[in-house]
Protein chains: 2
Amino acid sequence: MDDALAFSALVLALSGQLVQEIHARVSQQGFEDLRPAHGFAFARISLGGATTAGLAEHLGVTKQAAAQLVEELVRKGYVVRHPHPHDARARLLALTETGWAATRAADQAAQTAVAPWREALGEARFSELVADLTRLTSPGPIRPAW
Amino acid sequence: MDDALAFSALVLALSGQLVQEIHARVSQQGFEDLRPAHGFAFARISLGGATTAGLAEHLGVTKQAAAQLVEELVRKGYVVRHPHPHDARARLLALTETGWAATRAADQAAQTAVAPWREALGEARFSELVADLTRLTSPGPIRPAW
DNA sequence: TCTTTATAGACAAGTAAGTTGTCTACCAGG
DNA sequence: CCTGGTAGACAACTTACTTGTCTATAAAGA
């Protein structure tokens, strides 16, 4: 077979489509100043205990880039910096209520975007696919495709 | 269920992984001055009849961006511009022998990158998945995820 | 045939989101 | 208490685009 490139292109197209769809719905809910990358920052920050440097590693960017992103999110009111209890150099990141609202909006948008796949595959095959994805996809930084 | 965001993240991670793996192998074959985006340009140009403006539409970028990309590929010896037989404004794009060699390398790299999926799913389920992808993924411009 | 409108591509400048490089303040292990 | 490592800030630079404008050519209608 030689549909390997086609398969890759399709997966890339699908991921782009999901990202775009989620982003569009989140924007529509009033969060127009957020970009797709912000969602992955929110996901990390919402777990608690995140610092700028930790976020940088999670996102696979330099800490300078992460610092810029955090600064932007703070300025826009989605994130606050708290003093770190055990390290005077570091700041603990946390979501504001607005940040949580955006996170909930993204979650709902993702459900809607993924719904066609759930339907098309059926719940069983969908779960299998998720399992395969979890197994075969090496856990790495969350980054745009290139 | 609320694994919709997780599913999206996994698909994104997978596409990034495929792109990176293909890119790495192509680089290793001696094409170190190519980026992932170039591959999609090659794919369009190899079909024949491509112009800069047509390429721009295919890639989902402005024609200025496409012109820069073409200029770069010409400078690096992967692409040549021929006069268009019926339109004195346009130039027909074509791959050089080096361009074809890079295309073949990418194809082979994709096979290798996709092989684990073929094995894990089995040929039948893999084909089903490709069919589902083809059906559910709206044909759009080939772009990085964001 | 002439005029209008659209298109291919070039040239120039601006922008977004990263990068490298350097610095200070603070931490932790010997 | 010194020495090497880390968190984050500040600055300059780079890349891969963008918008805006221009000329030459094409195509279609009066």
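Every chain is numbered from 1, with letters handed out A, B, ... down the list of sequences.
Within the 3.5 Å criterion, the main-chain N or O of A:L34 finds a donor-acceptor partner in the side chain of A:H23.
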Expected rows: protein N/O vs nucleotides 20-22 of chain C N/O, under 3.5 Å:
residue	atom	partner	partner atom	Å
C:dG21	O6	A:Q64	NE2	2.7

Identify each atom pair where a protein N or O and an N or O of nucleotides 1-3 of chain D are less than 3.5 Å apart, giving names and distance.
none

Check nucleotides 24-30 of chain C against the protein and report each pair of N or O atoms closer than 3.5 Å, with its distance, or say if there are none.
residue	atom	partner	partner atom	Å
C:dC27	OP1	A:A88	N	2.8

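Atom CD of A:E72 has more than 12 neighbouring heavy atoms from other residues, nucleotides or ligands inside a 6.0 Å radius.
Taking a 4.0 Å limit (strictly below) on heavy-atom distances, residues 68-78 of chain B reaches DNA chain D at B:Q68. At a non-hydrogen distance threshold of 4.0 Å, A:T51, A:T52, A:A53 from residues 46-53 of chain A come into contact with DNA chain D.
Rounded to whole Å, the distance from CG on A:D33 to P on C:dA17 is 12 Å. Across the protein-nucleic acid pair, B:R81 atom CZ and C:dA8 atom P stand 16 Å apart, rounded to whole Å. In this structure, CG of B:L59 is placed 14 Å from P of D:dA16, rounded to the nearest angstrom.
With sequence neighbours left out, B:R81 forms a side chain to side chain donor-acceptor pair (under 3.5 Å) with B:E71. In this structure B:E32 satisfies the side chain to side chain donor-acceptor pair (under 3.5 Å) test with no other residue, sequence neighbours excluded. With sequence neighbours left out, the side chain to side chain donor-acceptor pair (under 3.5 Å) criterion links A:E21 to no other residue. Residues passing the ring-ring contact (aromatic ring centres under 6.0 Å, His included) test with B:F42 are B:Y78, sequence neighbours excluded. For A:R125, the side chain to side chain donor-acceptor pair (under 3.5 Å) test picks out B:E128, B:D132, with sequence neighbours left out.
B:D33 and B:R75 are not joined by a salt bridge, as no carboxylate oxygen comes within less than 4.0 angstrom of a charged side-chain nitrogen.
Within the 4.5 Å cutoff, the side chain of B:L129 has heavy atoms near those of the A:L129 side chain.
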Please walk me through it: do A:V11 and B:L133 pass side chain to side chain contact (heavy atoms under 4.5 Å, CB included)? CA-CA 7 Å; A:V11 172; B:L133 279 165; 4.2 Å; yes
Side chain to side chain contact (heavy atoms under 4.5 Å, CB included) assessment of B:H82 paired with B:R91: CA-CA 5 Å; B:H82 295 304; B:R91 326 277 312 260; over 6 Å; no
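For C:dG9, neither phosphate oxygen OP1 nor OP2 lies less than 4.0 angstrom from any side-chain nitrogen or oxygen of B:R91.
Between its two ends, the helix from C:dT1-D:dA30 to C:dG30-D:dC1 turns its axis by 20°, counting five pairs per end and rounding to 10 degrees.
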Solution key, residues 48-60 of chain A side-chain donor-acceptor pairs under 3.5 Å, sequence neighbours excluded:
residue	atom	partner	partner atom	Å
A:T51	OG1	A:G54	N	3.1

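Taken from OG in B:S8 to CH2 in A:W117, the straight-line distance is 11.5 Å, to the nearest 0.5 Å.
In this model, a donor atom of one side chain and an acceptor atom of the other lie less than 3.5 Å apart for A:S138 and B:Q17.
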